[in-house]
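In what follows, chains are A, B, ... by sequence order, proteins preceding strands, each numbered from 1.
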There are 2 protein chains.
Amino acid sequence: MGRREAGKRERRRRIIEAARTLIRETGSTGLSMRALAARAGVSLATPYNLFGSKRAIVLAVLEDVREFRERFATLRSADPVERIFAAVDLALEYYKNDSSFYKTLWSAVFDTSDQVRAEILNPQRYAFWQGLIIDASKAGAISKEFDADMLARQLDFILRSAMLDWVVGDLDNDRLAPTVFCGFALILKAASTPGWRTPLQARLLDSQERIMASTPPRQQIAGNA
Amino acid sequence: MGRREAGKRERRRRIIEAARTLIRETGSTGLSMRALAARAGVSLATPYNLFGSKRAIVLAVLEDVREFRERFATLRSADPVERIFAAVDLALEYYKNDSSFYKTLWSAVFDTSDQVRAEILNPQRYAFWQGLIIDASKAGAISKEFDADMLARQLDFILRSAMLDWVVGDLDNDRLAPTVFCGFALILKAASTPGWRTPLQARLLDSQERIMASTPPRQQIAGNA
DNA sequence: ACCAGTTTTATATTTCATTTCAATATATTA
DNA sequence: TAATATATTGAAATGAAATATAAAACTGGT
């Protein structure tokens, strides 16, 4: 209500926009609060008033990426399990195609220095996977004896750890998606009803194959390092 | 070789010891490089010379906790799958019984600001889970078509994400172990041979039950918050 | 005991996130 | 329109990590 709130929203928007630009231009290195405030045309204190911390701003940039949700909405797949993998694939494609940008954003996800994460980040992520699992459950793919909440959390566990490994360079672009697929397929296979296990098993073996294929033999790595 | 190296080792030891003490006494708050250097009886520059960064020191403290490995060595279980869960349980008991200390240490695991993690942390964790899986595979519990390396990584994914949620307070002491157990049971069930699925399924449902049991009804939470 | 090479030390500096607070501007409300 | 409430601003201060540098101390070999 009112112009005061509108002004705030506008300032928030400018700050997020400035953060996005700075991250794109310089990576996380150039993202100092002074540079950010200057770029957004506000004082140094304002971002703190509106967001609380630098980290909250970076998370806000990540949240602000709506493209993914929009493009996901256009994904139609008859098979609810396929839909889950399609969602993962879509998200990971975004990340891979803009690695340095998203690596910076995801770094903020793993920052434990404040309480921002629990409040902002989780509810949304959760709801997303949970919806997909409930769909799969309704379609009879997931056994009713498992809690959608629990399964959603486990899938999110896989994805988040894989993203952490990707961010720090333990998992390269080629192995990211197959690795996440393996984890998802394992969990979904264990929770699925008999008729749905075969395709999940196939996907599992296929993903495992893709990981091995993009992993150079150990000796060669050791030799180079 | 020589006294030079011995002196270095001694200084390293004193720094790790000082860090451990400071974390115990004050949590991460009191762990400033100045306090650390003073407590260890070295100059401010020395920890940087020997470890590189504050984070590397905290990770060194975590690595230095040998109790777990030693006590795990005494764990004897006929069933290789049981052994995996026993290992998780043992580790989590340590963490729960000394929450604030281990929360500080684990925070460093999720810090993406430098490259220390990839080099120091992963090989050991990996080898540990991999060994357990290979044992289970040899005993016929895990299907040979799955790569031990891949499965070890997926288990580690679950554990690490759960630890992150625990560190930031998204997962309380009561739900930590059942949540990790669920994830492990799902993955192991999906990778297991037919004869081994029933006990895993039982553990899965049991853990799920324990999560629900320790989760207060939503309405009550909302009312309090 | 001496020399040469390393490492530590002491000290100063830089950079950065974050906080504080009085002053000022803007919006809401009566 | 005047009074009140709210938010931003500017400027300075704090505290901590990390880096730089030269002097001092120590080690290993001779």
Can you check whether B:Leu186's main-chain N or O pairs, donor with acceptor, with A:Gln154's side chain at less than 3.5 Å? no
Which whole-number value in Å describes the distance from A:Arg9 CZ to D:dA7 C1'? 16 Å
Reckon A:Arg4 has a side-chain N or O less than 4.0 Å from the OP1 or OP2 of C:dT26? no
Value in whole Å for how far the P atom of C:dT8 lies from CD of B:Glu10: 13 Å
What nucleotide, of C:dT8, C:dA17, D:dT8, holds the atom closest to the side chain of A:Lys8? D:dT8
So what does A:Arg34 hit on the nucleic acid, given a heavy-atom distance under 4.0 Å: a base, only sugar-phosphate, or nothing? base
OP1 or OP2 of C:dT26 less than 4.0 angstrom from a side-chain nitrogen or oxygen of A:Arg3, does that happen here? no
Please state whether the phosphate of C:dC16, meaning OP1 or OP2, lies under 4.0 angstrom from any side-chain nitrogen or oxygen of A:Lys54. no
Identify whether any heavy atom of A:Ile57 sits under 4.0 Å from a base atom; if not, whether one sits that close to sugar-phosphate; answer base, sugar-phosphate or nothing. nothing
Separation of B:Leu31 atom CG from D:dA18 atom P, in whole Å? 11 Å
Once you round to the nearest 0.5 Å, how far does CG of A:Asp135 lie from CD of A:Gln130? 11.0 Å
Integer-rounded Å distance: C:dT18 C1' and A:Asp111 CG: 14 Å
When the ring centroid of A:Tyr102 is compared with that of A:Tyr94, is the distance short of 6.0 Å? no
Going by heavy atoms closer than 4.0 Å, what residues in residues 39-50 of chain B are next to DNA chain C? B:Val42, B:Ser43, B:Ala45, B:Thr46, B:Asn49, B:Leu50
Just checking A:Glu93: does its CD atom have more than 12 heavy atoms from other residues, nucleotides or ligands closer to it than 6.0 angstrom? yes
Tell me: CZ of B:Arg11 to C1' of C:dT6, nearest whole Å? 11 Å
Check each of B:Arg13, B:Arg14, B:Arg20 against B:Glu17 using the salt bridge (charged side-chain N to carboxylate O under 4.0 Å, His left out) test, and report the only one that passes. B:Arg20
Separation of atom CZ in A:Arg14 from atom P in D:dT9, rounded to whole Å: 8 Å
Using whole Å, what does the distance between atom P of nucleotide C:dT7 and atom CD of B:Glu5 come to? 8 Å
Do A:Arg153 and A:Tyr126 form a cation-pi contact, if we require the NZ or CZ to be under 6.0 Å from the six-membered ring centre and within 45 degrees of the ring's axis? no
Whether B:Trp166 and B:Tyr95 hold their rings parallel, tilted or perpendicular, with breakpoints at 30° and 60°: tilted
